[in-house]
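Following: one structure in structure tokens, then a few remarks.
Every heavy atom of this structure was used, including side-chain atoms; hydrogens, water molecules and symmetry mates were not. Counting starts at 1 for both ligands and their atoms, following the listed order.
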Amino acid sequence: MATSINKFTAASFHKAKSDGKKISMLTAYDYPMAKLLDEAGIDCILVGDSLGMVVLGYESTLQVTVDDMVHHCRAVARGTKKALVIADMPFLSYHISIEESIRNAGRLIQEGGASAVKLEGGSNVLDKIKAIIDAQIPVIGHLGLTPQSINMLGGYKVQGTKLEQVKKLIEEAELLQQAGVHAIVLECVPEKVAKLISEKLEIPTIGIGAGKYCDGQVLVTQDMLGIYSDFKPKFVKQYAQLGNIIHNACLQYISEVQEQQFPNAEHSFSIDDEVLSKLY
Ligand code: KIV
């Protein structure tokens, strides 16, 4: 199948970094949002397992299943023409065995319509990452604050502030690069640590709470549009307050229904009076 020139593919990560072009990534979980992001020209759409919190209402990402991801990924893929669709591999979908990891990554590609997968961790899951790449599935790494490890990390905290942690982060990033990942998401790490890692790597880093020196940025769309109100991380910039707009629209709708101002003639269908007269 011919690929359009403007389509962002896994190979575009390397090119973007060598051309010095910053990569833009946002999350989506459904068709209309994917279409809006794609039409705006976003490079990558991540079907994140943040789905669990911002769409499904769970307290963490740990409850999300491969079936959930496949379902939402399909909708996103249907709404996307140019952006690279990346599917998050949810908790436990790449921890049990190499075979299960390849099968689950394969489902996200084959059934979900994604073109790459993202998974959290470094040396602890390196064998799974290599096997998925061997199966010809592009992988995006994820280091720093890895929300699937929330019970081990003890909270959503900045990572890589101590010397040993920084050394480990650099080591893990290099291991991921050697394994063949196409890019690495760096979440909640100090700006200067992210800068150091970005300069050391040939592959791009995509930051979230990792400062301006990363090779690209990602945000959860529900956060940056002001739709998700349960929790707002420090690193989120709200580009719109859609939550308020939706609230006010609903207030107006309720009032217009109660006052019989909606629907009016513009939103109603008519019938020829002659037809009606035959009923009586
Ligand atoms: O699940 C997600 O949305 C993510 C981003 C926060 C990078 O992993």
(request) Considering the heavy atoms of His142, write down every atom of ligand 1 situated less than 4.0 Å from one of them. (result) 8 (O)
(message) Below the 3.5 angstrom mark, is there an N/O of Asp49, backbone or side chain, next to an N/O of ligand 1?
(response) yes
(request) Please work out which of Gln148, Met53, Lys118 has its closest non-hydrogen atom nearest to atom 8 (O) of ligand 1. (result) Lys118
(message) Is Met25 close enough to touch ligand 1? Criterion: a residue heavy atom under 4.0 Å from a ligand atom.
(response) no
(message) For His182 and Phe13, take the angle between the two ring planes, folded into 0 to 90°, and tell me which bin it lands in: parallel under 30, tilted 30 to 60, perpendicular over 60.
(response) tilted
(request) Enter the distance from Gln217:CD to Lys237:NZ here, rounded to the nearest 0.5 Å. (result) 11.5 Å
(message) Please tell me whether Glu100 and Ser93 have a donor and an acceptor in their side chains that are separated by less than 3.5 angstrom.
(response) no
(request) Please could you name the atoms of ligand 1 that Thr27 approaches to less than 4.0 Å, counting only its heavy atoms? (result) 3 (O)
(request) Would you mind running through ligand 1 and noting each atom that sits below 4.0 Å from a heavy atom of Gly48? (result) 1 (O), 2 (C), 3 (O)
(request) Measure the OG1-NE2 distance between Thr65 and His71 for me, rounded to the nearest 0.5 Å. (result) 10.5 Å
(request) Report the nearest protein non-hydrogen atom to atom 6 (C) of ligand 1: residue, atom name, distance rounded to 0.1 Å. (result) Ile208 CD1, 3.6 Å
(request) Could you see which bit of Thr61 sits under 4.0 Å from ligand 1, with heavy atoms only: side chain, backbone, both or neither? (result) neither
(request) Could you tell me the residue and atom name of the protein heavy atom closest to atom 2 (C) of ligand 1, and the distance to it rounded to 0.1 Å? (result) Ser50 OG, 3.2 Å
(request) Considering only non-hydrogen protein atoms, determine which one is nearest to atom 5 (C) of ligand 1 and report residue, atom name and distance to 0.1 Å. (result) Leu46 CD2, 3.8 Å
(request) Group every Ile, Leu, Val, Met, Phe, Trp and Tyr by side-chain heavy-atom contacts under 4.5 Å, then state whether Ile133 and Ile184 land in the same group. (result) yes
(message) Do Tyr58 and Ile150 sit in one hydrophobic cluster, given that two such residues count as connected whenever their side-chain heavy atoms are within less than 4.5 Å of each other, even indirectly?
(response) yes
(message) Quick check on salt bridge (charged side-chain N to carboxylate O under 4.0 Å, His left out): which of Lys82, Lys15, Lys21, Lys7 does Asp43 satisfy it with?
(response) Lys21
